[in-house]
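One structure is given below, encoded as structure tokens.
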2 protein chains.
Amino acid sequence: MPRPKEFDEEQALDAAMRTFWVNGYEATSTEDLCRATGLGRSSIYNTFSSKHELFKRSLVRYTELMTTNQLALLDDETRTARDRVHALFDAIIAGEVENRRDERGIGCLTVNTTVELAARDPEAAALVARDQQRRLDSLEAVIRVGQRDGQFTSRRSPAELARFLNAVIAGLRVAGQGGADIPTLKAIADTALEAL
Amino acid sequence: MPRPKEFDEEQALDAAMRTFWVNGYEATSTEDLCRATGLGRSSIYNTFSSKHELFKRSLVRYTELMTTNQLALLDDETRTARDRVHALFDAIIAGEVENRRDERGIGCLTVNTTVELAARDPEAAALVARDQQRRLDSLEAVIRVGQRDGQFTSRRSPAELARFLNAVIAGLRVAGQGGADIPTLKAIADTALEAL
DNA sequence: CAGGTTTTGGACAGATCAATACAAAACAGG
DNA sequence: CCTGTTTTGTATTGATCTGTCCAAAACCTG
């Protein structure tokens with residue numbers, strides 16, 4: 001009996017997510033969100049309650065899309081540990097490249113959120129922390145495999161190396177946003193791989 | 001003949017810098033700046049022209065203070081290359097530790113600016129890029145020394161390794177903001193050092 | 001101590017912010 | 001085709017934002 005929505009909620013969420021991703025939370029106005037999604041204010045508030053709620057859903061969606069894809073690369077047991085980590089770096093760099101604006105990457109929404117919001121938005125911080133834990137778990141597992149197979153020779157613990165890789169990934173993102181070119185990003189990733 | 005200012009401009013700049021550092025550019029209101037500096041609106045606008053101008057000056061001051069100190073560590077020719085890089089990491093981690101709020105670091109203003117502003121503020125981007133170049137130059141020089149002395153055995157070029165270290169530093173900052181504890185940060189830094 | 005200049009405080013301007021109110025439009029079921 | 005429910009567009013709210021205005025206070029110099 002109710003009137004159906006004229007738009008696809010998931011599609012609108014993707015548009016909102018991308019806007020937050022590119023502009024950040026504070027610099028994104030509700031009007032920006034209207035323009036990006038093509039919806040009116042009423043539809044947005046009716047569907048997503050508030051800007052903050054919409055941001056949280058955007059963040060969740062981002063991690064569902066991105067992290068899930070990336071962890072699939074790490075968990076691919078048909079490949080060696082080194083190949084998996086390499087594939088992850090390649091995917092990250094490829095993402096940075098295809099999302100360039102004015103010679104700069106747009107980074108990673110979870111990194112951006114950590115920097116912009118984590119200190120004063122506990123909910124956002126919790127979502128990012130949860131995502132990070134998933135990533136660390138997968139990284140640790142693949143490093144363990146690589147150590148068992150003798151591919152990774154560092155004597156450091158898998159947990160430490162996972163943290164290290166995660167930091168390098170964040171650093172890659174920041175470097176991309178700073179305007180580093182692809183060969184530079186590849187060199188950073190390769191150097192990190194050699195540290196394992 | 002003119003009436004002198006009642007405040008110390010440099011001191012006010014430091015307070016403003018710290019506010020931008022902790023809260024970010026967008027989330028800092030002019031009233032926040034008044035509260036932090038203890039100045040009235042008129043004094044701020046009379047002295048610094050605008051929020052954006054004040055931000056640029058804060059950014060310059062930040063890099064003058066921080067980068068200058070850090071590069072002094074890298075350029076200290078009384079120490080070995082490895083010791084210098086180690087000292088840099090120690091200083092960064094010590095800085096992250098002494099600036100913690102609610103179990104989180106407040107990061108680095110240049111990294112924060114890269115993430116929040118570089119894409120849409122060319123002036124801020126230029127200031128950050130200039131600072132980064134200084135850092136890369138010093139890193140490259142010390143790596144060159146380490147390679148000559150046989151302390152660093154990686155076959156990668158000093159330029160690439162400098163980029164790598166810079167990325168790890170950014171990653172350290174983000175990790176600190178994400179709530180990583182000190183041993184974790186130290187492990188990340190040590191792992192990076194081993195890659196050289 | 002007086003004149004000229006600057007700083008300072010507080011009120012204010014205009015824009016923009018997130019969010020809401022409300023009525024008209026659009027749809028499903030009976 | 002009508003009834004009830006939801007969505008949608010528009011106008012508007014009240015708060016907050018950056019920046020300005022202006023008069024009074026404060027200072028230095030002559």
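Order of the sequence lines sets the chain letters (A, B, ...), proteins ahead of strands, with each chain counted from 1. What you see is a predicted model, and the numbers here were worked out from it, not measured in a lab.
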In this structure, how many angstroms lie between the [atom2] atom of [N] and the [atom1] atom of [X], rounded?
X     : N      : atom1 : atom2 : result
A/E31 : D/dT12 : CD    : C1'   : 15 Å
A/I44 : C/dT20 : CD1   : C1'   : 15 Å
A/N46 : D/dT5  : CG    : P     : 16 Å
B/F48 : C/dT7  : CZ    : P     : 12 Å
B/H52 : D/dC17 : NE2   : P     : 18 Å
B/K51 : D/dT20 : NZ    : P     : 15 Å
B/R35 : D/dT16 : CZ    : C1'   : 13 Å
A/L39 : D/dT10 : CG    : C1'   : 16 Å

*Is A/S29 touching bases, backbone alone, or none of the nucleic acid, heavy atoms closer than 4.0 Å?*
sugar-phosphate

_Any base atoms under 4.0 Å from A/T28, or only sugar-phosphate, or nothing? Heavy atoms, all strands._
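Counting heavy atoms under 4.0 Å across all strands, the contact made by A/T28 is with sugar-phosphate only.
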
*B/R41 (side chain) and D/dG19 (base): donor-acceptor pair under 3.5 Å*: yes

*Mark yes or no for a side-chain to base donor-acceptor pair under 3.5 Å between A/S42 and C/dA19, with no hydrogen or angle criteria applied.*
no

*What distance do B/L165 atom CG and B/L193 atom CG have between them, rounded to the nearest 0.5 Å?*
7.5 Å

*Between A/R156 and B/E194, is there a side-chain N and carboxylate O pair less than 4.0 Å apart?*
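Salt bridge present between A/R156 and B/E194.
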
*Enclosure of A/R130 CZ (heavy-atom neighbours >12, cutoff 6.0 Å)*: no

*With no hydrogens and no angle check, do the side chains of A/N23 and A/R18 hold a donor and an acceptor under 3.5 Å apart?*
no

*Which one, C/dA18, D/dT18, D/dT8, comes nearest to the side chain of A/Y45?*
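The closest nucleotide is C/dA18.
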
*Test the B/K51-B/Y25 pair against the cation-pi criterion, namely NZ or CZ under 6.0 angstrom from the six-membered ring centroid and within 45° of the ring axis.*
yes

*A/T30 side chain N/O closer than 4.0 Å to the phosphate oxygens (OP1, OP2) of C/dA18?*
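Indeed, a polar side-chain atom of A/T30 lies that close.
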
